[in-house]
*Asks:* 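Take this structure first; my questions come after.
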Amino acid sequence: MTMIYLDHNATTPMDPRVLDVMLPMFGEQFANPASKHAAGQAASGLVERARTQVAGLLGTIRRSVVFTSGATEAIHLGVRGAFGASGRTRLLVGATEHPAVFAAARATRAQVETVRVHRNGTLDLEHLEELLDRDVSLVAVTAANNETGVLNDISAIAEVTHLAGALLACDVTQAVGRVPVRLTAWGVDLAFCSAHKLHGPKGVGALVVSRPVQARLRPLVEGGGQERGMRAGTLNTPAIVGFGAACAIAEAELAEASRRQRELTGLLHDLLAARVEVQVNGEGAERLPNTINLRFVGATADAVQTCAPEVLISAGSACSSGKDEPSHVLLAMGLNETEAEQSLRFSLGTATTEQEVRRAAELIGSAVERVRQLNQTSGAAMASGGTPQ
Ligand code: PLP
């Protein structure tokens, strides 16, 4: 069975060019970048080059990048570290944020409140304005949702957040490498991302933190003073160098990759819509070019996935799809539980081909038809008092 991988929002395969730059870091360039000798300083130079590459893709300055083990750690360091020093009492979190953001917010002593989203998944700016006051320390809103790909207008959110004197923390994990990210121009104070979402290695990411916030950020881990005291521990040089390379590649290829992926997600939608009844979750909002979340009316996502095992896709986010609960993202957008359970996320990568998309549409289309037929047959059997098949 040939698998078609359409789950790139969970993770992406590593670009072979990234692996090429990482390999020497496991061999002759193994030195600790904190060492003062020549080998250490050479490793440090490579780490700093990576920092520049990451900053370039994120539209920020090099010194605002703090390397972490991934977005989850960056979220905890950013949200908990910034809240702890703020002296304020409230924290606002967008209703469709990643579970790591809710967990980090709950780990503070803050009163955590949720900002509503519209039916199309974008943040309700009026609700944010209603909630904001001088007690709010931080607002956490994603640039691009991991389940629906819906994009938020971060500049507008930053503007109202700053009017209340609060900080804006933005999860750009899914946006980076897929749409232009301009953290400084948008007015973002803290941002989080992970290399493995953009064809880089797993286990590395970054917290981007503006200079004024750095001065009062409370570290979660203290020790050898690495990352200017914000995140202690010997740097994971192979992963950091790979992260930098992935960012440089993404920056050079972003425009063409996103144009192709937008075309392919459009094709996937059109092929499926021509065959079965589908609804786009996040319809009307701007979305990531690689992501489409579809509701198949009358067929549960679980059953469709069972009937089309060759197509590797997700119902909900990777981290919550192990649970049997309907997606909190879709519920927040106003879908009911049944509608949420009929929804599947398709997320494409830079190497996804038109042939794969056509084949996936074929397999998913027939799976949906089969599930609906089975539902009708068992519905009819139930109505006539028979045993459902
Ligand atoms: N934020 C978003 C939007 C994500 O999609 C993910 C991963 O799924 C994370 C944060 C956490 O990333 P990681 O598991 O690499 O720490």
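Just so it is clear, the model here is predicted, and its values are computed rather than measured. In each ligand, atom 1 is the first atom listed, and ligand 1 is the first ligand listed.
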*Asks:* Are the charged groups of Arg295 and Glu277 less than 4.0 angstrom apart, N to O?
*Replies:*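 Looking at Glu277 together with Arg295, the answer is no, because their closest N to O distance does not fall below 4.0 Å.
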
*Asks:* Please report the C-alpha distance between Thr350 and His199 in whole Å, then the side-chain angles of each, then the deciding distance to 0.1 Å, and finally whether the side-chain hydrogen bond (donor to acceptor under 3.5 Å, both in side chains) criterion is met.
*Replies:* CA-CA 9 Å; Thr350 51; His199 301 275; 3.2 Å; yes

*Asks:* Between the candidates Ala71, Gly70, Ser69, which shows the shortest non-hydrogen contact distance to atom 12 (O) of ligand 1?
*Replies:* Ala71

*Asks:* Have a look at Thr72, Thr173, Val101, Val204 and point out the one with the heavy atom closest to atom 11 (C) of ligand 1.
*Replies:* Thr72

*Asks:* Is there a polar contact, in the sense of an N or O pair closer than 3.5 Å, between Glu73 and ligand 1?
*Replies:* no

*Asks:* Of Thr148, Asn290, Asn145, which is the lone residue that meets side-chain hydrogen bond (donor to acceptor under 3.5 Å, both in side chains) with Asn9?
*Replies:*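 That would be Asn290.
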
*Asks:* I'd like to check whether Asn9 has a polar contact with ligand 1, where a contact means an N/O of the residue lying under 3.5 Å from an N/O of the ligand.
*Replies:*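 Between Asn9 and ligand 1 (N or O atoms, distance only) the closest approach is not under 3.5 Å.
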
*Asks:* Test of understanding: with side-chain hydrogen bond (donor to acceptor under 3.5 Å, both in side chains), list the residues that count as partners of Arg90, not counting sequence neighbours.
*Replies:* Glu113, Asp133

*Asks:* Any ion pair linking Arg51 and Glu48 (charged N to carboxylate O, less than 4.0 Å)?
*Replies:*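 Yes, Glu48 and Arg51 are salt-bridged.
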
*Asks:* Could you establish whether Glu97 and ligand 1 come within less than 4.0 Å of each other, counting only heavy atoms on the residue side?
*Replies:*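 It does not; every heavy atom stays at 4.0 Å or beyond.
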
*Asks:* Give the atom numbers and elements of ligand 1 that come within less than 4.0 Å of a heavy atom of Ser194.
*Replies:*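 In order of number, 12 (O), 13 (P), 15 (O), 16 (O).
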
*Asks:* Can you run down the side-chain hydrogen bond (donor to acceptor under 3.5 Å, both in side chains) pairs that involve residues 209-221, sequence neighbours left out, and say none if there aren't any?
*Replies:* Gln214-Arg228

*Asks:* Does even one non-hydrogen atom of Asp171 get within less than 4.0 Å of ligand 1?
*Replies:* yes

*Asks:* Applying a 4.0 Å heavy-atom criterion (strictly less than), which segment of Lys202 is in contact with ligand 1: side chain, backbone, both, or neither?
*Replies:*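 Lys202 to ligand 1: no contact under 4.0 Å from either part.
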
*Asks:* In terms of atom number and element, which parts of ligand 1 are under 4.0 angstrom from non-hydrogen atoms of Gln174?
*Replies:* 3 (C), 4 (C), 5 (O)

*Asks:* Is a salt bridge present between Arg259 and Glu256, judged by a nitrogen-to-oxygen distance below 4.0 Å?
*Replies:*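 So Arg259 pairs with Glu256 through a salt bridge.
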
